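Below, each value reflects all heavy atoms present in this structure, side chains not excepted, and no hydrogens, waters or symmetry copies. Keep in mind that what you see is a predicted model, and the values were worked out from it rather than measured. Order of the sequence lines fixes the chain letters, A, B, ..., with proteins taken first and strands second; residue numbering starts at 1 for each chain.
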Amino acid sequence: MLDLNLIRRQPDLVKEGLRKRGEDPALVDQVLELDAQRRALLKQVEAMRAERNRVSKEIPRMTDPDARAAKIAAMRTLGDELKALEQRLRAVEDRLHEQLAWMPNLPADDVPLGADEHDNVVVRTVGEKPTFDFTPQPHWDLGPALGILDFDRGVKLSGSRFYVLRGAGARLQRALIQWMLDLHIRQGYVEQYPPFMVRERVVFASGQLPKFRDNLYHDAEEDFWWVPTAEVPLTGLHMDEILAEEDLPLYYTAYTPCFRREKMSAGKDVRGIKRGHQFDKVEMYKFVHPDTSDRELEAMLADAEETLRLLGLTYRVVQLCTGDLGFAARKTYDLEVWAPGSGEWLEVSSVSNVGDFQARRANIRYRPKAGGRPRFVHTLNGSGLGLPRTLIAILETYQQADGSVVIPEVLRPYMGGMEVLRPA
RNA sequence: GGAGAGGUGCCGGAGUGGACGAACGGGGCGGUCUCGAAAACCGCUGUGGGCCUUGCGCCCACCGUGGGUUCGAAUCCCACCCUCUCCGCCA
């Protein structure tokens, strides 16, 4: 949520931000119009309430019954008028909040301009694309051949875009989760195990609602929403809290499954485990002092990169341009890992500085040590990493001519010492 | 799912229609005392919004949430949510 005061005071700045994203700047004028209406009505409503409060205090002290009855009658009339006016005010406020809720965050100043993902900037590439003296296979061939990936039975159970990990495949994913969490803990993050279903309010707070309703699963009868990312419950963790300044920064990490409706055109990304309705992810999250969020972003990026480096995977850092930024983000780096069998860069992580956008929606503040009003914290989130795509990169990178796959060294302790996945 | 109890400020806890934004206690902050500290005593201590004569101002709202009754609601009524206790069911 953007600051209404900012929109009021610097509408041109906000319009410029929306324009950079490819959004309609006219939204700003709509908001300003509603805000003006709201304040005009509010002024009237508050004057009437003040009048009613004042007279109501006089009434019990009035001794003349006629004068008293007259005042009560007058206040009854005032009350009816007030109620009607309050309804109009409410309607305007609802529309104003609705408009604000649909407005994305503004890009940071140093985000490259661009229309869509083609204008993203590759910041650096780390590692060399591996070479093979045989034709590397895609994971959708490797996995089933190794007996660790079962697409047919996944489909039988749940339909397209579902699969079953089997044997060492399931164990490898579990090893990755365990290893990543341990790594993030060493990096200073506190592990959290949140609910995988949360209330609508929490989904709103993180910015997935109202805009991405179509991408979310929820219970038809109760207020339960399946988390599309751990970012959602982690944002909600400190909802409606006022933190002490000395408590900041807070670093959290969590493993959760993620549930997403993927209403994509049939045929895109359907092969393999790249995109499913359910996938696992280990997430990093920070609540920080506003002055520090820029450097906290770089630090989080470094933490995410370390996972790929330690796994020995080839990756590149991509900075998203203004047109490709997510709804809540003001600056984002994506990490893309090279998958030699599929022959493409896979987005395995997205690390974002959200500024106070989520904090405002979730009402998360801190009390300045120096005194004064509570201020909104800044929040950051980053995947560290998405599991299926990491698995893809491992299988495809470490495959050998005979179809076996070497397990990265850091994972072996989590695999009971196993060094190689071999075809059954 | 059934029965009961309850949701008040940073915390505990009063308050059942009119000066209650909220007693009292604790905590925190400031001060007095002290070589210093403790104790004691005194004072201060919510959030959001609106207005302009930007005053250390005025006004409005907030006692789980949303409605209702009333001139007036923390207090009465209705619905919902949450917490706790007991019973049932259950990994």
Test item: A:F357 and A:R330 side chains (from C-beta on) under 4.5 Å apart, heavy atoms: no

Distance, P atom - from B:G66 to B:A73, rounded to whole angstrom: 15 Å

B:C58 - base-pair partner by Watson-Crick or wobble geometry, distances under 3.5 Å: B:G50

Under 3.5 Å side-chain donor-acceptor pair for A:D334 and A:S350: yes

Sugar-phosphate only, base, or nothing, as touched by A:D223 at under 4.0 Å among non-hydrogen atoms: nothing

Partner nucleotide of B:G1 by Watson-Crick or wobble geometry (both distances under 3.5 Å): B:C87

Gap in Å between the two P atoms, one belonging to B:G55 and one to B:U65, rounded: 35 Å

Stepwise side-chain hydrogen bond (donor to acceptor under 3.5 Å, both in side chains) test for A:Y252 and A:E283: CA-CA 8 Å; A:Y252 293 144; A:E283 184 81 359; over 6 Å; no

P atoms of B:U69 and B:C77, separation to the nearest Å: 15 Å

Rounded P spacing from B:C24 to B:G15 in Å: 15 Å

Nearest non-hydrogen partners of A:G403 and A:L142, listed with the distance: O-CD2, 4.0 Å

Touch class at under 4.0 angstrom, heavy-atom based, for A:R201 against every strand present: nothing

Range on RNA chain B touched by chain A, heavy atoms, distance below 4.0 Å: B:G18 to B:C82

B:G21 pairs with, by Watson-Crick or G-U criteria that keep both distances under 3.5 Å: none

Partner nucleotide of B:C44 by Watson-Crick or wobble geometry (both distances under 3.5 Å): B:G28

Paired nucleotide for B:U75 [Watson-Crick or G-U wobble; both distances under 3.5 Å]: none

Rounded P spacing from B:G28 to B:A39 in Å: 9 Å

Modelled atom types, side-chain donor and acceptor of A:S293 and A:H378, under 3.5 Å: yes

Upstream residue (5' side of RNA chain B) when A:R76 and A:Q87 are each assigned their closest nucleotide: A:Q87

Working for side-chain contact (heavy atoms from CB on, under 4.5 Å), residues A:L13 and A:E16: CA-CA 5 Å; A:L13 183 125; A:E16 184 53 27; 5.7 Å; no

ring-ring contact (aromatic ring centres under 6.0 Å, His included) partner of A:H277, chosen from A:F259, A:F162, A:Y163: A:F162

Counter-base of B:C80, judged by Watson-Crick or G-U geometry with both distances under 3.5 Å: B:G64

Residue pairs passing the salt bridge (Lys or Arg N to Asp or Glu O under 4.0 Å) test where at least one lies in residues 38-52 of chain A, sequence neighbours excluded: A:D35-A:R38, A:D35-A:R39, A:R38-A:E93, A:R49-A:E86, A:E51-A:R54

Toward the 5' end of RNA chain B, by each residue's nearest nucleotide, A:R68 or A:M75: A:R68

Residues A:S206, A:Q208; criterion side-chain hydrogen bond (donor to acceptor under 3.5 Å, both in side chains); working and verdict: CA-CA 6 Å; A:S206 62; A:Q208 269 76 15; 2.4 Å; yes

Rounded distance in Å between the C1' positions of B:G21 and B:G48: 14 Å

Euclidean distance for P, B:C62 against B:U53 (whole angstrom): 28 Å

Interface residues of residues 54-65 of chain A with RNA chain B (non-hydrogen, below 4.0 angstrom): A:S56, A:I59, A:P60, A:R61

Under 3.5 Å on both distances, the Watson-Crick or G-U partner of B:U34: none

Worked check of side-chain hydrogen bond (donor to acceptor under 3.5 Å, both in side chains) between A:Y217 and A:R261: CA-CA 7 Å; A:Y217 290 104; A:R261 298 183 111 103; 5.2 Å; no

Whole-Å C1' distance, B:G2 and B:C89: 11 Å

Sugar-phosphate, base or nothing in reach of A:R8, heavy atoms under 4.0 Å: sugar-phosphate

